[in-house]
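Some notes on the structure that comes next.
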Amino acid sequence: MATSTPEALQLKSNIDSQGEKVRQLKTAGAPKSEVDDAVNKLLGLKADYKTLTGEDLAGGARKDKKDKKKGKENNQPSKKQEQKPKPKPKETEDLNREVKKVTRLGLEARKEENLSDWYTQVITKSEMIEYYDVSGCYILRPWAYSIWEVIKDFFDTEIKKLGVENSYFPMFVSHAALEKEKTHIEDFAPEVAWVTKSGKSELAEPIAIRPTSETVMYPSYAKWIKSHRDLPLKLNQWCNVVRWEFKHPQPFLRTREFLWQEGHTAFETEQEAHEEVYTILELYARIYEELLAIPVVRGRKTEKEKFAGGDFTTTVEAYISASGRAIQGGTSHHLGQNFSKMFEIVFEDPKTQKKSYVFQNSWGLTTRTIGVMCMVHGDNMGLVLPPRVACVQVIFVPCGITANLTEADNDLLMKKCDEMRDVLKAAGIRARSDTRDNYSPGWKFNHWELKGVPLRVELGPRDLKQNQFVAVRRDTGEKLTMKNEGCSEKIKELLDKIQTNLFEKAKGDLDTYLTVSHEWEDFCNQLDNKKLIQAPFCGEIPCEDNIKKDSARDVVVEEGAPAMGAKGLCIPFKQPKELQSGAKCIHPQCSKSAKYYTLFGRSY
Ligand code: 87F
């Protein structure tokens, strides 16, 4: 039986991923029941493979042993698995537009049933992420990195308009520099990774790897800033940082190394600094809303949740309805004069000739953005990419290649795909044409759906004759037959529609789950219904601790974890309504009056 059919290859790849999952669970010391479940699933996939091909597959978990012998620890595919299917004769049946059968071979988990498996499969099978043999670290493949590049280009252009300059500071932090910020870093200390050796010899002094760059950059700021003429100083850097977290890692969402931009600015006046905090926050909101098609709530962090080193923290918060959890999307802090006092960043005030401490901000956005996007838009067929960030916006797939088709007509069809791709490219659309002759149209549909390409264009011999094409939307599955004339404009319009629809869908979700509550019992019930709740709150840290503790549940909501309590997500800038005078704080044991509505919810 054929082991190189697309179905068999897909199944092989599923077996590999599952084998890898088993290995990872074992390495991470996961509970036995979890490992057993994963092993059973692997065995099931192998049985499917045997049913399909009549052959046993040496791979998945077994590959492990072989690889170890060779000293390989990670999940490099073996030569056998790397093989592409052999070119096969042209399709003898018209698979055109009715090949959903193979979808099952794509994702093996459903988003609404097992979110964590679904997520792992989506990001690996869409070729965004490759797993790596250091826990919490992942490879960002071009499909994911290209999204980061779109975000980067947008933000970089916008901050340059504001006069921000890029720079690069070292990734290593001396012990002495890190100590300078001791008071604020105390909470974070367990997450700092240290280099203690070179080769076999101990370093004289351990060197930290930056978890953030305040302590790296601010000693230079102190040197560079002498007079008001050196202000404002606005620097940004695009770099990686390392935070050795011990919570369960998840690609993009919680990783030990991640990419981000960190902006660090210094001003003469508090007012200028304040203005910038909000300007940057609005850019973050635009990244989510305009590029990633994800609505966010803009607000200020509570005293408990703000960056302890600063005066106040602003944030954009997104909502993942599949898990009922909110996620912090990006933060913009006003540091006041806290750091300038610590690092002696001063200038001579031109009016008083006295030394003045600068007012500072810092702001950061990470590759977590990509994970939020996968979670919010992905479905049971795979990734769904918003057109504005999609690496490929339109994929051309030649269809309807039957035995009757002459070679000349076949060539014509391939040529037409490439030609239309070029027309779209010339119009600034990221188009690609998949004219590979060793994959069936059905396999290609499945493949590009899994990768989330917003629009598929199917072209068959009949379409060629009638000067038309069939466009299939990834977000709705809708098929549209269109005349070739003005195709770039029509496709641009369609891509805009997809972008808008994705945003509207996510906005509908957020609106459905965003509520207001004035009673504790109702608050807790709403939380259990996955809601984000705006409730009157006194703003005090001990009270926020109580809200979290007392809203936690014993019931198991998600794989093994008891339902966590509500965290203060932010104090929304747009308050749901005016607080009634004398309104009390939501916590039943709190006798203080409320200061504002605060958004609470379970969160990542
Ligand atoms: C982890 C280890 C050590 C967060 C940490 O948000 C230090 C830290 O300072 C730490 N995790 N933070 C706060 C970072 C604040 C701030 N830095 C610049 C940002 C944006 C960019």
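Keep in mind it's a predicted model, so treat the numbers as computed, not measured. Values below: every heavy atom of this structure, side chains too, minus hydrogens, waters and symmetry copies. Each ligand, and each atom within it, is numbered from 1 in the order the structure gives.
A donor-acceptor pair shorter than 3.5 Å cannot be found between the side chains of E348 and S227.
Remark: R256 qualifies as a cation-pi partner of F246 under the 6.0 Å distance and 45° angle criteria applied to the six-membered ring.
Inter-residue side-chain proximity for N236 and Q261 is flagged as met; some heavy-atom pair is nearer than 4.5 Å.
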Show the atom names and distances, to 0.1 Å, of all donor-acceptor pairs under 3.5 Å that link a side chain in residues 185-203 to residues at least two apart or in another chain.
unit_1, atom_1, unit_2, atom_2, d
S201, OG, S198, O, 3.2

Practice problem: Please test K160 against D156 for salt bridge (Lys or Arg N to Asp or Glu O under 4.0 Å), starting from the C-alpha separation and ending with a verdict. | Solution: CA-CA 6 Å; K160 279 176 183 156; D156 214 54; 2.7 Å; yes
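For the ring-ring contact (aromatic ring centres under 6.0 Å, His included) with W238, the lone residue among W260, F258, W148 that qualifies is W148.
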N/O to N/O under 3.5 Å, ligand 1 against protein:
unit_1, atom_1, unit_2, atom_2, d
ligand 1, 6 (O), H333, NE2, 2.7
ligand 1, 11 (N), R243, NE, 3.4
ligand 1, 11 (N), R243, NH1, 3.3
ligand 1, 17 (N), T212, OG1, 2.9
ligand 1, 17 (N), E214, OE2, 2.6

